[in-house]
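Quick one: the structure is below, and I'll ask about it shortly.
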Protein chains: 2
Amino acid sequence: MQAELLKKCTDAGIRMTAQRSLIIETLLESDDHPDADRVYRRAVERDQSISLPTVYRALNLFEGAGIIKKINMNDGKARFEPVRNDHDHLIDADNGHIHEFQNKELKKILDSIAKEMGYEVIEHRIEIVGRRNGESNCDCIQIKVY
Amino acid sequence: MQAELLKKCTDAGIRMTAQRSLIIETLLESDDHPDADRVYRRAVERDQSISLPTVYRALNLFEGAGIIKKINMNDGKARFEPVRNDHDHLIDADNGHIHEFQNKELKKILDSIAKEMGYEVIEHRIEIVGRRNGESNCDCIQIKVY
DNA sequence: GTAGATGCAAATCTTTTGCTCGCCC
DNA sequence: GGGCGAGCAAAAGATTTGCATCTAC
């Protein structure tokens with residue numbers, strides 16, 4: 001898994017350094033969509049010498065290479081996750097927890113909407129903000145619940 | 001249209017001032033989803049004395065009252081628009097232009113996804129990033145093209 | 001060896017806040 | 001009249017940048 005990402009990096013012509021691979025490792029072990037500062041604090045636990053600007057530079061670099069994805073909760077900071085099988089987010093309005101889901105029907109609809117407007121989908125950002133309602137019989141492919 | 005928004009404000013117990021109504025007017029006349037600074041620059045053209053903090057305070061106030069909506073392009077600043085009939089955004093990857101659309105099927109899918117995960121949809125954020133592909137026969141309700 | 005990466009400090013940019021004065025209801 | 005809003009200046013928080021040094025290839 002980590003080797004896979006490292007390969008993606010070298011394929012993208014990204015020079016691999018101790019800091020960068022530590023940042024990748026940190027992201028892979030984080031299942032909570034950390035912001036840059038949180039990535040930094042986790043990384044610095046293992047390598048005292050790593051710095052926040054390096055984290056920012058690496059995250060931007062990785063994002064540009066399509067290796068990680070920037071996501072946007074409305075909290076004023078960018079959050080990051082490795083690009084995995086494409087999924088979207090449902091955010092619990094009461095506690096902020098992020099649930100991931102995957103739904104083919106949804107993607108088809110997006111494609112057809114874009115097509116109707118003369119466009120082809122390159123990417124999409126979808127966040128549902130929801131509130132628990134008791135019943136819960138998950139039929140869509142729910143990847144993870146944090 | 002503007003009267004309508006002003007009424008929404010007073011209904012929400014928002015005290016109306018010259019600055020606030022100027023900000024509302026500015027938003028209504030902007031069809032490009034301006035960020036706070038752009039709202040400020042447009043407003044200051046008409047009232048030299050208005051200040052940026054006032055714009056921020058007003059925008060936050062309006063957002064809290066459900067009168068305007070904050071939207072999040074991945075550019076690090078919050079952008080705003082009056083709450084109109086619910087719609088979503090398609091962003092042209094090449095020139096950044098924002099197209100708005102409305103699609104009932106999409107909403108139904110979101111509802112059912114949330115329901116399957118035990119949630120009820122409170123709100124959603126959807127952005128499609130797309131690239132023109134020549135053909136363009138818009139069947140979905142496209143509200144505006146900027 | 002050299003282009004590119006890092007750390008540090010400081011700048012930049014967006015957004016928020018403290019405070020005093022002024023205005024809406 | 002009194003509380004809430006506005007402007008100003010400054011703080012706070014997130015992110016970026018300049019520069020000297022170090023390192024991967």
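All of these numbers come straight from a predicted model, not from anything done at the bench. Naming: A, B, ... by sequence-line order, numbering from 1 per chain. Just so it is clear, the values below take in all heavy atoms, side chains as well, and ignore hydrogens, waters and symmetry mates.
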Q: Can you sort out the partners of A/Asp35 under salt bridge (charged side-chain N to carboxylate O under 4.0 Å, His left out), two or more places apart, ordered by chain and number?
A: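 A/Lys77.
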Distances under 3.5 Å only, N/O to N/O: pair up the protein atoms with those of nucleotides 22-24 of chain D.
residue : atom : partner : partner atom : Å
D/dA24  : O3'  : A/Met16 : O            : 3.3
D/dA24  : N3   : A/Arg15 : NH1          : 3.2

Q | Lys/Arg N to Asp/Glu carboxylate O, A/Lys108 vs A/Glu105, below 4.0 Å | A |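 Salt bridge present between A/Lys108 and A/Glu105.
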Q. Which pairs pass side chain to side chain donor-acceptor pair (under 3.5 Å) with one or both residues in residues 120-130 of chain B, sequence neighbours excluded?
A.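 Counting only pairs at least two positions apart or across chains, the side chain to side chain donor-acceptor pair (under 3.5 Å) contacts touching residues 120-130 of chain B are A/Arg125-B/Glu127, A/Glu127-B/Arg125, B/Asp88-B/His124.
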**Q.** Same cluster (ILVMFWY, side-chain, under 4.5 Å), A/Leu59 and A/Val83
**A.**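 No, A/Leu59 does not connect to A/Val83 through the hydrophobic network.
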(Q) Would you say that B/Ser30 contacts B/Arg42 through its side chain, given a criterion of any heavy-atom pair below 4.5 Å between the two side chains? (A)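 Answer yes - side chains close enough.
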Q | Student check: side-chain heavy atoms of B/Glu25 and B/Glu29 closer than 4.5 Å | A |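 Yes, at least one pair of side-chain atoms sits under 4.5 Å.
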Q) Does the pair A/Lys107/A/Asp111 count as a salt bridge with the N-to-O cut at 4.0 Å? A)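 No, this pair does not count.
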(Q) Please give me every residue in residues 50-59 of chain A whose heavy atoms get under 4.0 Å of an atom in DNA chain C, ordered by residue number. (A)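 Correct list: A/Ile50, A/Ser51, A/Pro53, A/Thr54, A/Arg57.
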Q: Ignoring hydrogens and angles, state whether a donor on the side chain of A/His33 or A/Glu81 is under 3.5 Å from an acceptor on the partner side chain.
A: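 Yes - a donor-acceptor pair under 3.5 Å links their side chains.
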Q: Could you walk me through whether B/Phe62 and B/Lys8 pass side-chain contact (heavy atoms from CB on, under 4.5 Å), step by step?
A: CA-CA 10 Å; B/Phe62 297 159; B/Lys8 267 199 198 178; over 6 Å; no
Q | Value in whole Å for how far the P atom of D/dC25 lies from CG of A/Asp11 | A |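 The answer, rounded to whole Å, is 13 Å.
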Q) Mind checking which nucleotides bracket the chain A contacts on DNA chain C, 5' to 3', with an atom under 4.0 Å from a heavy atom? A)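 The contacted stretch runs from C/dA3 to C/dA9.
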Q) Under 4.0 angstrom, heavy atoms only, what part of the nucleic acid is A/Asn60 near: base, sugar-phosphate, or nothing? A)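 Sugar-phosphate contact only.
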Q.
What is the distance, to the nearest angstrom, from the CZ atom on A/Arg79 to the C1' atom on D/dT15?
A.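 In whole Å, D/dT15 C1' lies 17 Å from A/Arg79 CZ.
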Q) Between the side chain of A/Thr26 and the main-chain N/O of A/Leu22, is any donor-acceptor distance below 3.5 Å? A)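 Looks like yes, one N/O pair under 3.5 Å.
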Q. Any salt bridge between B/Asp92 and B/Arg131, counting N to O under 4.0 Å?
A.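 B/Arg131 and B/Asp92: not salt-bridged.
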Q: State yes or no: are the ring centers of B/Tyr119 and A/His99 separated by less than 6.0 Å?
A: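 Ring centroids of B/Tyr119 and A/His99 are less than 6.0 Å from each other.
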**Q.** Nearest-angstrom distance from the residue atom CG of B/Leu61 to P of D/dG5
**A.**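 Interatomic distance, CG of B/Leu61 to P of D/dG5: 7 Å.
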Q. Pick one: which of B/Asn103, B/Leu110, B/Leu90 meets side-chain contact (heavy atoms from CB on, under 4.5 Å) with B/Ile126?
A.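 Going through B/Asn103, B/Leu110, B/Leu90 one by one, the side-chain contact (heavy atoms from CB on, under 4.5 Å) with B/Ile126 is satisfied by B/Leu110 alone.
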(Q) Whole angstroms only, please: what is the CG-C1' distance between A/Asp37 and D/dG13? (A)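 In whole Å, D/dG13 C1' and A/Asp37 CG are 10 Å from each other.
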Q) Axis-to-axis angle across the helix from C/dG1-D/dC25 to C/dC25-D/dG1, five pairs an end, to 10 degrees? A)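 The helix from C/dG1-D/dC25 to C/dC25-D/dG1 shows an end-to-end axis angle of 50°.
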